[in-house]
Amino acid sequence: MTLLAAAPTTPADDDAGALDLERLEPTIGARVHGVDLSRATDDQVRAVRAALAEYKVLFFSEQHDLHPDSQIALGRRLGEVTESHPVVPGVDDQHPEIYALDSATGGFADVWHTDVTFVRRPPLGSVLRAVVLPPTGGDTQWADLELAYRSLSEPVQRLADQLVAVHDGTREFGYYLAQREERTKWEGEEFRALVPVAHPVVRVHPETGRKGLFVNPGFVSHIEGVSDAESRYLLDLFYAHITKPEHIVRHRWSVGDVVMWDNRSTVHYANRDYGDQRRVMHRITLRGDAPVGPAAR
């Protein structure tokens, strides 16, 4: 069941009223109470999908009955599930959709990023399940890209509306791709090289119509049409602004936790503060669309 809105929706979606939601920050993050994701009703799934665009990050605890098969099944009820990653295979042959982030094999993400923005159609969202956690540390933080845009001054907003950024996965995944003979597919395309793609610096959310910054230090290489120095200064300005504390919600994980986030309006950062302790997370992603900027509307 795919529950994608064809037109912008209002924040007060009726479906969201079916959930017991505890808002965590003024514009980002909500804890969802009383939903067992392994047995969610159709109404609950619709309500969760509606709440995702509004709250941007949803937190579910005590989801101990969720496992690889049911995590994928849940994703298919929320939207279309992608392959695990354009260049990294799934956790095993039976679950090619699950991207295993295992700190023992380099699976960590200690840089602010939005998932897989270096493809033409970045994921709509992600569903992350805690599998193995260190005794301390390993929190994840998300920043609200829509609030970051709204809190810029109007002249800087107007400048950002006109800009285009190049997203390149080579820095993070180029070496891995070069060393690996087997190729995976993403949306039917086999990735033998990571070709940079251009996305607007300001993205218009396809469901809410709200504007948000759409740049991240994990994958953006530069801004088109400006000098190298101007590109660095502009990106530094945007990144420092995006990650201001008032734009952030932070989660301390427990086994059984599941977090969903809207990839179109957030960046996130996984704290790597647990030394040589092991941290394993399982992620699936939902198929998205090509980002659209203000100039295209």
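Throughout, residue positions are numbered sequentially from 1 according to the sequence presented.
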**Study point:** Glu22: partners by salt bridge (Lys or Arg N to Asp or Glu O under 4.0 Å), with sequence neighbours left out
**Key:**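 Glu22 satisfies salt bridge (Lys or Arg N to Asp or Glu O under 4.0 Å) with Arg31 only.
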Exercise for review: Could you tell me which residues satisfy salt bridge (Lys or Arg N to Asp or Glu O under 4.0 Å) with Arg272, sequence neighbours excluded, listed by chain and number?
Suggested key: Asp110
With sequence neighbours excluded, give me every salt bridge (charged side-chain N to carboxylate O under 4.0 Å, His left out) pair touching [range].
range: residues 217-244; value: Lys244-Glu246
range: residues 248-263; value: Asp139-Arg250, Asp139-Arg252, Asp262-Arg264
range: residues 58-72; value: Arg39-Asp65

**Study point:** Carboxylate-amine/guanidinium proximity below 4.0 Å for Glu25 and Lys56
**Key:**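 Salt bridge flag = no for Lys56 with Glu25.
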For [X], all residues meeting ring pair (Phe, Tyr, Trp, His ring centres under 6.0 Å), sequence neighbours excluded:
X: Tyr239; result: none
X: Phe238; result: none
X: His247; result: His241
X: Phe219; result: Phe118

Exercise for review: List in chain and number order the residues that pass side-chain hydrogen bond (donor to acceptor under 3.5 Å, both in side chains) with Arg150, two or more places apart in sequence or in another chain; answer none if no residue qualifies.
Suggested key: none
Exercise for review: Identify, with sequence neighbours excluded, every residue that meets side-chain hydrogen bond (donor to acceptor under 3.5 Å, both in side chains) alongside His222.
Suggested key: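 Not a single residue meets the side-chain hydrogen bond (donor to acceptor under 3.5 Å, both in side chains) criterion with His222.
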For residues 124-131, tabulate all N or O donor-acceptor pairs below 3.5 Å that involve a side-chain atom, not counting sequence neighbours.
from   : atom 1 : to     : atom 2 : distance (Å)
Ser126 : OG     : Asp115 : OD2    : 2.7
Arg129 : NE     : Gln71  : OE1    : 3.1
Arg129 : NH1    : Leu66  : O      : 3.4
Arg129 : NH2    : His282 : ND1    : 3.3

